[in-house]
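A short write-up of the structure that comes next.
Below, each value reflects all heavy atoms present in this structure, side chains not excepted, and no hydrogens, waters or symmetry copies. First the proteins, then the strands, lettered A, B, ... as listed; each starts at 1. Everything quoted here is computed from the prediction, not taken from an experiment.
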Amino acid sequence: MRLSNYFLPTLKEDPAEAQIVSHRLMLRAGLVKQASAGIYSWLPLGLKVLRKVEQIVREEQDSAGAQELLMPTIQAAELWQESGRYDGYGKEMLRIIDRHDREMLYGPTNEELITDIFRQSVRSYKDLSKILYHIQWKFRDEVRPRFGVMRGREFLMKDAYSFDLDYESARESYNRMFVSYLRTFARMGLQAIPMQADTGPIGGDLSHEFIILADTGESDVFCHKDYLGFDALAEVADYQGDLGPVVNKWTSLYAATDEKHDPGQAAELGDNLISARGIEVGHIFYFGTKYSKAMGATITGPEGDQLHPEMGSYGIGVSRLVGAIIEAYHDDDGIVWPDSVAPFSVGVLNLRTGDIDCDNACADIVNKLEAAGQDVLYDDRDERAGAKFATMDLIGLPWQAIMGPRGLKNGVIELKHRATGEREELSIESALSKLCA
RNA sequence: CGGGGUGUAGCGCAGCCUGGUAGCGCAUCUGCUUUGGGAGCAGAGGGCCGGGAGUUCAAAUCUCUCCACCCCGACCA
């Protein structure tokens, strides 16, 4: 992609409304644009990142045996009246009246809809267990949206729902999601800590929040410091096998959100206790038959009896993750994307656009990189070198190939690694092989 | 929902107290010079001063009102 032709409206100065670093950088790097309070447009560069995050979530859901579907954003009020939540949910739910005076709503979550789909389609215990998920926009009319995409009113969420015959089987579904969450966040470079959590209005008695420690987090959290050394990707994720040991390991140490915090128990940790702020990036619940009972979802069991399936629900804030990743990966110059979610893998900087040799050398390396499957952003703008360095640092691509007449005269270009700041001069060939490694 | 604050050019802001032809920096456009860390000079374009109502000879400025946005708290899959 040529930057001269790319829609990338970056800002030199900090927008006044953005208080936390991820919000500032998302606006400055041209990732998003605010449409109303808590509602954002995703611009091309931001959308690329959002899609990458989404894809990692999808791959890990699929590996764990969950199946993707897509439910609508707009739902009929009847289902919510059935579950009893239509009145209970309050003003956070955006209610809509259609032309036939029928009450509709913009879904804040999808338990009712998925339970309706399930009850109409599944009759036998032989069809269980099932985990269904979708990645869809949600709307919650928050009293006070803030921090950019971290607490938006409209946000992209992955929500999964499990249906099982009995408690033991439901626990296995819970464990699958638990492990897949560990892997999902780790693949994005995030150290997410599963913490005992309150179940809130969803109900149920088993719940974990996945928390990223960050000063700008909205929750007060407490955990054993050894969690910081845990490596989720080192865990073998064989979803056919027993996941109990992995879950046990990750829940063996103290970790709790504010609501579940037990000061007495925490005090026993002594110096090992971390008391910090955290960003909630995922939340999983087991809630038994709460919805299947309320909505009359039944299946025929092995004995021919009618049973309500045991359910759980599992959410990941996809759009929030983009902000959370930036909170974890940035420096004074801008964003520092982890490779797995970077919008482009390499930025090529032409330091002297208009110089034939320089233009040709850049075009050549861009072609070769793209032929090798790299996603390249080529800064061919008619700008001075300084502006190109600043832009590239701001948008945080993992690698910068810096090409100017000075180096090319000697047959070398400069490779800069954004995360470490290390630069080295290499021949074009060695630079190519390093970037494509 | 309680408390506080801000709306003036695409972005960041001054002007408001004390009413009198709307300004600065960046960005944009043109020209020349420059060219390895957000260039210099010269010129140009761009504003219902958030909306409405009022006071006044005269309102960005004073009054009332509505709206939007931000911050603190409460709330929050």
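Rounded to an integer number of Å, the gap from A/Ile39 CD1 to B/C70 C1' is 16 Å. With rounding to whole Å, A/Asp258 atom CG is found 13 Å from B/C75 atom C1'. Note: CD (A/Glu218) to C1' (B/C71) measures 13 Å, nearest angstrom. Rounded to whole Å, the distance from CE on A/Met150 to C1' on B/C71 is 17 Å. Whole-Å rounding puts the A/Glu142 CD to B/C69 P distance at 14 Å. A straight line from CD of A/Glu13 to P of B/A27 spans 9 Å, rounded to a whole angstrom. Whole-Å rounding puts the A/Lys33 NZ to B/C69 P distance at 15 Å. As a whole-Å value, the separation of A/Asp14 CG from B/G10 P is 19 Å.
Aromatic ring pairs are classed by plane angle as parallel below 30°, tilted from 30° to 60° and perpendicular above 60°; the pair A/His208 and A/Phe178 is perpendicular. Ring geometry for A/Tyr6 against A/Phe344 counts as perpendicular: the plane angle is over 60°, on a 0 to 90° scale with 30° as the lower cut.
Between the P atoms of B/C48 and B/U55, the separation comes to 26 Å (whole Å). For the P atom pair drawn from B/G54 and B/C13, the interatomic distance equals 33 Å after rounding to whole Å. Nucleotides B/U8 and B/G23 are separated by 10 Å at their C1' atoms, to the nearest Å. Remark: the separation of the C1' atoms in B/G38 and B/C76 is 41 Å, to the nearest Å. Nucleotides B/A44 and B/C49 have their C1' atoms positioned 23 Å apart, rounded to a whole Å. Across B/G7 and B/G12, the matching C1' atoms stand 14 Å from one another, rounded to whole Å. To the nearest whole angstrom, the two P atoms, one in B/A68 and one in B/G47, are 26 Å apart. Distance noted for atom P between B/C70 and B/C32: 45 Å (whole Å).
Of the side-chain N and O atoms in A/Arg384, one or more sit less than 4.0 angstrom from OP1 or OP2 of B/A39. Taking only side-chain nitrogens and oxygens, A/Lys12 never comes nearer than 4.0 Å to OP1 or OP2 of B/C11. For the OP1/OP2 pair of B/C72 and a distance below 4.0 Å, the side-chain nitrogens and oxygens of A/Arg144 include at least one atom meeting the criterion.
If you check B/C24 for Watson-Crick or wobble pairing at under 3.5 angstrom, you find it paired to B/G12. When Watson-Crick and G-U wobble pairs are counted only if both distances are under 3.5 Å, B/G47 pairs with no nucleotide at all. B/U63 and B/A53 make up a base pair, with Watson-Crick or G-U wobble contacts both under 3.5 Å. The nucleotide B/C17 finds no pairing partner, because no Watson-Crick or G-U wobble arrangement with both distances shorter than 3.5 Å includes it. Pairing partner, B/C69: B/G5, with both Watson-Crick or wobble hydrogen-bond distances short of 3.5 Å. Within the shown strands, nothing qualifies as a pairing partner of B/U35 under the Watson-Crick or G-U definition with both distances less than 3.5 Å. Figure legend. B/U30 is base-paired to B/A42; pairs are counted as Watson-Crick or G-U wobble with both atom distances under 3.5 Å.
Closest to the side chain of A/Ser36, out of B/C69, B/G38, B/C70, is B/C69. You'll find that the side chain of A/Gln34 is closest to B/C69, out of B/C72, B/C69, B/C26. Distances from the side chain of A/Ala16 to the nucleotides B/G12, B/C1, B/C72 place B/G12 closest. Checking B/C70, B/G38, B/G36 against every side-chain atom of A/Ala385, the shortest atom distance belongs to B/G36. The side chain of A/Pro15 sits closest to B/G12 out of B/G12, B/G38, B/C76.
Contact between A/Ser252 and A/Tyr227 at its shortest, heavy atoms only, is N-OH, 4.1 Å. Residues A/Glu142 and A/Gly152 approach most closely at CG-O, 3.9 Å, considering heavy atoms. Shown here for A/Gln191 and A/Leu228, the closest heavy-atom pair between the two residues is NE2-O, 3.1 Å.
With no hydrogens or angles considered, a side-chain donor-acceptor pair links A/Glu280 and A/His283 at under 3.5 Å.
Note on A/Lys416: a base of the nucleic acid sits closer than 4.0 angstrom, heavy atoms only. In this structure, A/Gly407 reaches the bases: a heavy-atom distance under 4.0 Å links it to at least one base atom across the strands shown. Backbone-only contact: A/Gln19 has heavy atoms under 4.0 Å from sugar-phosphate atoms and none from a base.
Residues A/Glu280 and A/Ala35 each lie close to RNA chain B; by heavy-atom proximity, the contact nearer the 5' end of the strand is made by A/Ala35. Nearer the 5' end of RNA chain B, as judged by each residue's closest nucleotide, is the contact made by A/Gly386, out of A/Gly386 and A/Gly315.
Cation-pi contact between A/Lys33 and A/Tyr40: absent, since separation from the ring centre below 6.0 Å together with deviation from the ring axis within 45° is not met. At least one cation-pi condition fails for A/Arg119 and A/Tyr291: the charged atom is not both under 6.0 angstrom from the six-membered ring centre and inside a 45 degree cone around its axis.
Within 3.5 Å, no donor on the side chain of A/Glu383 pairs with an acceptor on the base of B/G38, nor the reverse. Under 3.5 Å, the side chain of A/Arg146 and the base of B/C70 form no donor-acceptor pair of N or O atoms. For a distance-only test at 3.5 Å, the side chain of A/Arg28 qualifies as a donor-acceptor partner of the base of B/G38.
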